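Below: the structure, in structure tokens.
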Amino acid sequence: MTDGARSATPPGLTPREVATHCPYCALQCGMTLRADDAGVTVHPRQFPTNRGGLCQKGWTAAELLDHPDRLTTPLVRDAATGELHPASWDTALDRVVAGIRAVQDDAGRDAVAVFGGGGLTNEKAYALGKFARIGLRTRNIDYNGRFCMSSAAAAGMRAFGIDRGLPFPLADLGRADTLLLVGANPAETMPPLVRWLTEQRRNGGKLIVIDPRVTATARQADLHLQPLPGTDLAVANALLHIALTEGWVDRAYVADRTTGFDAVRRGVAAWWPARAEQLSGVPVADLEATARALGTGGRVIILTARGAEQHAKGVDTVTAYVNLALALGLPGRDGSGYGCLTGQGNGQGGREHGQKADQLPGYRKIDDPAAREHVAGVWGVPADELPGPGVPAYQLLDSLGTPGGPRALLVFGSNPVVSAPRAARIEGRLRNLDLLVVADLLLSETAALADVVLPTAQWAEEDGTMTNLEGRVLRRRALRPPPPGVRTDLAIISDLAARLAEADVDPADANPASVRPAAVAAARFPADPAAVFAELRRASAGGAADYAGISWDRIDADDGVYWPCPTEDGPDTPRLFADRFATPDGRARFHPVDHRPAAEEVCVTYPLHFTTGRVLAQYQSGTQTRRVAALRRAAPEAFVELHPDLATRLGIDDGDPVRVTSRRGEFRAPARLSAGIRPDTVFAPFHYAGAGRANSVTNDAVDPISGMPEFKICAVRVEKA
């Protein structure tokens with residue numbers, strides 16, 4: 001059976017029941033959806049990643065399918081009243097096309113931009129990148145995954161030649177003798193993963209957590225290192241310094257499988273433990289105990305996550321932990337290695353197939369002539385017609401509506417009004433646009449500013465594929481069609497491409513050869529996800545993220561397929577680096593990196609460090625989870641976590657309203673006192689909008705390599721509101 005003919009219902013399930021995956025984090029837990037007269041219910045499914053477990057977000061995921069806030073008709077803003085009003089699809093899409101044409105005719109192709117999301121299926125991410133490049137012919141596309149995985153991705157590319165969050169199966173965590181989590185709190189961000197941590201400790205393994213807060217994950221650790229935010233790089237260099245001093249470096253591995261170690265060795269010589277303690281606050285004894293566990297353990301895994309990565313030096317910080325892993329001989333060794341915990345549901349696949357400003361499908365670089373020729377051949381356009389690289393997400397958002405910047409923006413699957421750093425500034429940029437179009441299932445804070453809002457299908461209403469944090473490509477299956485009046489993102493992209501193509505044709509010229517390449521390409525935007533995936537396979541063939549050998553049938557038969565998988569009858573790749581790295585000479589690259597201060601340091605006016613993160617019951621910008629009753633009851637509002645000693649100095653009691661102010665703005669929320677946070681640091685979750693929007697104060701300084709903003713540290717003052 002071909003992909004195009006495949007039923008959405010696998011054998012053994014009734015037509016009202018499908019095996020699929022959770023719509024939230026990159027763990028992509030297996031679940032079964034059942035529909036009856038009472039509605040849709042979620043049931044856990046035995047799948048390798050979650051083994052029958054679900055978190056509260058997964059259990060309640062189906063409640064949004066028929067939520068009263070759901071968008072079921074397009075909305076168009078009335079020029080006279082400024083209000084959004086229901087409209088027909090023809091009216092809405094005509095408004096979008098007219099706006100795009102007006103902006104591009106006046107200011108050029110790049111005056112229209114596209115902003116995607118890490119929760120879109122592979123098919124939608126691929127189609128969106130293709131639509132930007134040959135439908136709109138703009139270089140200006142990026143996505144919210146830039147705020148999530150970009151630093152780890154850049155560090156992985158320069159060290160290993162490839163970026164896959166976990167280069168080994170998730171199950172390896174359960175058998176690690178030593179597991180180091182840096183800036184990761186899976187107990188709240190992806191709770192079913194904790195069963196692997198429990199199994200690891202039950203097997204006698206040691207869990208070490210590096211985090212400025214005593215999180216739910218840190219409470220389970222054998223050893224918790226609590227550094228000052230922004231000093232993880234110094235801690236990593238100190239750990240490698242100790243490993244060198246104690247003779248725990250795998251010299252044979254370094255000689256046989258890596259290059260560049262001498263420069264790193266010289267650099268970390270200056271990072272004696274006492275120096276790192278003075279800077280980070282982590283005691284020398286804890287640094288030595290951590291290095292010993294890493295250097296003498298049999299199977300050792302080092303994992304980083306957003307706490308280490310969301311910094312203006314995020315790439316260098318991740319590189320420091322990669323250096324440590326390489327020096328200990330971990331990557332490619334059975335049961336050992338370095339990896340990063342991908343956040344968003346398709347954070348891995350979403351960055352592989354063309355949403356990123358500098359990429360083409362298959363994780364190809366858009367400025368690589370061979371890559372351009374290959375992808376252009378699949379798309380049926382001349383390679384020189386493809387635009388060049390765009391700019392990273394924050395730079396793109398910050399340029400909107402400014403002289404020389406984009407004047408129109410199409411948003412699919414993202415809510416930057418809440419999720420972007422320096423959010424009030426970005427909100428202002430969005431308001432300055434000539435045209436803002438948002439495709440979403442709910443009226444997010446970003447959609448509420450739009451000129452046109454297009455209602456989209458939800459996860460249980462469309463087929464497609466997702467790629468989880470292991471690089472395992474999975475099948476998302478539709479339980480039911482979208483409600484009347486709602487279209488899939490693929491259908492929206494297809495219709496827009498066709499209308500733009502029609503608008504590009506000169507009515508006075510009936511010669512098809514005169515039609516612009518965008519018009520020729522528009523006919524190649526199918527709304528059928530199976531057809532899109534078949535094309536994605538061809539476009540990715542030969543690239544770093546090669547999906548050519550992955551079919552929907554094969555995914556169904558094997559509980560997912562790991563990329564790279566070049567041929568249908570050949571093996572996939574659950575484990576990378578066993579024999580060589582994805583570099584020209586097969587060797588991993590060390591890179592010397594040194595600690596540098598945060599982009600913004602504390603001072604008399606702003607004397608406290610501020611950091612952000614997640615809570616168990618909410619997800620990302622909260623557009624979905626804040627509308628689920630059980631999740632709203634569990635975490636109804638933002639809060640500011642302070643140490644009791646700090647609260648006493650500030651005259652703040654638990655529950656008091658407080659104001660947090662930085663150089664960029666302020667937010668307000670109740671105080672929550674906790675001895676689990678450093679006295680010099682305050683914390684708030686970033687899921688909330690309005691007065692409690694934590695990203696109103698976060699720093700928009702970015703990493704020079706990845707474009708990652710410095711979400712995890714800035715200078716603030718806190719006062720009773």
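None of the values given here were measured: they were computed from a predicted structure.
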So does R146 pair up with D703, basic N to acidic O under 4.0 Å?
no
Does R537 pair with D546 as a salt bridge, N-O distance under 4.0 Å?
no
Non-neighbouring partners of F590 that pass ring-ring contact (aromatic ring centres under 6.0 Å, His included), sequence neighbours left out:
F261
Between the side chains of D316 and R158, is the shortest nitrogen-to-carboxylate-oxygen separation below 4.0 Å, so that they form an ion pair?
yes
Working note: C340 + E309, criterion side-chain contact (heavy atoms from CB on, under 4.5 Å); need CA distance, chi angles, decisive distance, verdict.
CA-CA 10 Å; C340 61; E309 299 159 10; 3.7 Å; yes
Let me know which of T342, L170, L341, N468 forms a side-chain contact (heavy atoms from CB on, under 4.5 Å) with L27.
L170
Presence of salt bridge, E568 and R554, under 4.0 angstrom:
no
For T189, give me all partners under side chain to side chain contact (heavy atoms under 4.5 Å, CB included), at least two apart in sequence or on another chain.
P186, R614
Take the angle between the ring planes of Y619 and Y24 and call it parallel below 30°, perpendicular above 60°, tilted in between.
perpendicular
Using the benzene-type ring in the case of Trp, are the ring centres of F412 and F115 under 6.0 Å apart?
no
Rounding to 0.5 Å, atoms CZ (R333) and CZ (R257) come to a distance of 11.5 Å
Cation-pi check, R475 to W552: give yes when NZ or CZ is under 6.0 Å from the six-membered ring centre and within 45° of the ring axis, no otherwise.
yes
Does the ring center of F577 lie less than 6.0 Å from the ring center of F160?
yes
How about H353 and Y547: are their ring centroids closer than 6.0 Å?
yes
